[in-house]
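Have a look at the structure below before the remarks.
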Amino acid sequence: MPELPEVETVRRGLTNLVEGAKIKRVDVPYPKVVTSDLKLFQKDLTGATIDRIDRRGKYLLFRLSNDQTMVSHLRMEGQYSVEPEGAALHKHTEVAFHLVDDRQLFYNDTRRFGRMTLVPTGKELHDVSGLKDLGPEPTEDALTLDYMKEIFHKSHRVVKTFLLDQSNIAGLGNIYADEVLWMTRIHPETTTDKISTRKLGELRENIIKEISRATEHHGTTVHSFSNIFGETGHFQNELQVYGRAKLPCLRCGTTLRKIKVGQRGTTFCPKCQIKK
DNA sequence: GTGAGTGTTTCGCT
DNA sequence: TAGCGAAACACTCA
């Protein structure tokens, strides 16, 4: 589930709980989660201190004292939890970081899609595919209208799919893509080069505003997502279209429709969002 | 019990 | 090269 606001919420929680903590030992009950060399992963993390936790798009970057960075992507259902030393592994714990202060940091992932890798700090952009091709963060400064015009108008892709492509804009997922298209009154199957510059300006504003609002609300909880404190976000109460198929549009009352766009469930209003 | 659907990314094919 | 569809896996719901 995690999109940018959820990952940012996790980052803040982890920063509060484990920034400055030193790692004593690393157990990896599900070795497939680590895509770099497993032996080196365990060896290099042992004795390292977590100096800081950064985020880029939906990726978490654990900056370690030994000039290594652990890159972690939660994919669908990855979660971190902090437990006292000795606490039993969860059913889906894939990695257990034992800390010297008698706590342990678990990485749990029921669907086993999440991945982590250890790379030298500074090399992560080069070594981690996906991270190196990431588009700008959806912020006022990074996501300029000039950039939007350039990428949207030179492509002929369907806008919903285009927004989900992290190399265009980092951090949008299925939920917020549906939300911002509804807010901007753009049909999800509109091709990107057909969207006027004026509309792109509105879309840009809505993306920045929506991601920022969702982050303030600690993200959206659809199924199993919870933040590091085991709390759930409450932005789902703010969603206008996602998960509301067959219910009336909150703007015009028309029944919202659900279709597939590029394999992804997509909810929209057939009256407000007309295809051009 | 069975089949469809689920938040993300990568990879291979055209 | 750009774009599309399938695959990775486990669980829930109809």
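Each chain gets a letter, A, B and so on, in the order its sequence line appears, and its residues count up from 1. The shown structure was predicted, so the numbers you read here are calculated from the model rather than taken from an experiment.
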### Task
Just call it for A:Tyr176: base, sugar-phosphate, or nothing, with non-hydrogen atoms closer than 4.0 Å on any strand.
nothing
#### Entry: Length of the CG-C1' vector between A:Leu4 and B:dG7, whole Å
14 Å
### Query
Roughly, in whole Å, what's the span from NZ in A:Lys58 to C1' in B:dT10?
13 Å
### Query
Considering residues at least two apart in sequence or located in another chain, which fulfil the ring-ring contact (aromatic ring centres under 6.0 Å, His included) criterion with A:His92?
none
### Task
List, by chain and number, the other hydrophobic cluster members for A:Tyr59, where Ile, Leu, Val, Met, Phe, Trp and Tyr join if side-chain heavy atoms come within less than 4.5 Å, directly or indirectly.
A:Leu61, A:Val71, A:Val119, A:Leu125, A:Val128, A:Leu131, A:Leu134
### Query
Is the shortest side-chain N/O distance from A:Tyr59 to OP1 or OP2 of B:dT8 below 4.0 Å?
no
#### Entry: NZ (A:Lys22) with more than 12 external heavy atoms under 6.0 Å
no
### Task
Using salt bridge (charged side-chain N to carboxylate O under 4.0 Å, His left out) as the criterion, list what pairs up with A:Glu202, not counting sequence neighbours.
A:Arg198, A:Lys199
### Message
Can you list everything that forms a ring-ring contact (aromatic ring centres under 6.0 Å, His included) with A:Phe97? Sequence neighbours excluded, please.
### Response
none
### salt bridge (charged side-chain N to carboxylate O under 4.0 Å, His left out) involving A:Glu19 - partner list, sequence neighbours excluded
none
### Message
Any side-chain N or O of A:Arg264 below 4.0 angstrom from OP1/OP2 of B:dG5?
### Response
no
### Task
Using whole Å, report how far CD of A:Glu6 lies from C1' of B:dG7.
9 Å
#### Entry: Separation of the P atoms in B:dT9 and C:dT1, to the nearest angstrom
23 Å
### Message
Please give the stem ranges for DNA chain C, sorted by first residue number, where a stem is three or more consecutive Watson-Crick or G-U pairs and both donor-acceptor distances are under 3.5 Å.
### Response
B:2-6 with C:10-14, B:8-14 with C:2-8
### Message
Nearest to the A:Gln166 side chain among B:dT9, B:dT10, B:dT6, which nucleotide is it?
### Response
B:dT9
### SB check A:Asp109 A:Arg75 (cutoff 4.0 Å)
no
### Task
Pick the P atom in C:dA14 and in B:dG7, then give their distance to the nearest Å.
16 Å
### Query
CG of A:Leu163 versus C1' of C:dG3: gap in Å, rounded?
16 Å
### Task
Among residues two or more places apart or on two chains, list those pairs meeting side-chain hydrogen bond (donor to acceptor under 3.5 Å, both in side chains) that have a residue in residues 254-274 of chain A.
A:Lys160-A:Thr266
#### Entry: Nucleic acid footprint by protein, nucleotides 5-10 of chain C - heavy-atom cut-off 4.0 Å, B for base, S for sugar-phosphate alone
SS-BBB
### Task
Give the rounded distance in Å between these two atoms: CG of A:Asn168 and P of C:dC4.
12 Å
### Query
Sequence neighbours excluded, which residues qualify as salt bridge (charged side-chain N to carboxylate O under 4.0 Å, His left out) partners of A:Lys149?
A:Asp146
### Summary
Note: contacts of residues 143-161 of chain A with DNA chain C (heavy atom, under 4.0 Å) are A:Ser155, A:His156, A:Arg157
### ILVMFWY clustering at 4.5 Å (side-chain atoms), partners of A:Leu40
none
### Query
Expressed in angstrom and rounded to an integer, what is the separation of A:Leu131 atom CG from B:dT8 atom P?
17 Å
### Query
Whole-Å distance between B:dG7 C1' and A:Glu8 CD?
18 Å
### Query
Between A:Lys258 and A:Ser129, who's closer to the 5' end of DNA chain B by nearest nucleotide?
A:Lys258
### Task
Could you identify which residues cluster with A:Phe106, counting Ile, Leu, Val, Met, Phe, Trp and Tyr as linked when any side-chain heavy atoms lie under 4.5 Å apart, either directly or through a chain of such contacts?
A:Leu89
### Task
Measure from NZ on A:Lys132 to P on B:dT9 and round the result to the nearest Å.
16 Å
### Query
Hey, is the side chain of A:Lys260 poking within less than 4.0 Å of OP1 or OP2 on C:dC4, counting only N and O atoms?
no
### Query
Between the side chains of A:His90 and A:Gln79, is a donor N or O closer than 3.5 angstrom to an acceptor N or O?
no
### P spacing across the pair B:dG1 / C:dC9, given as an integer number of angstrom
23 Å
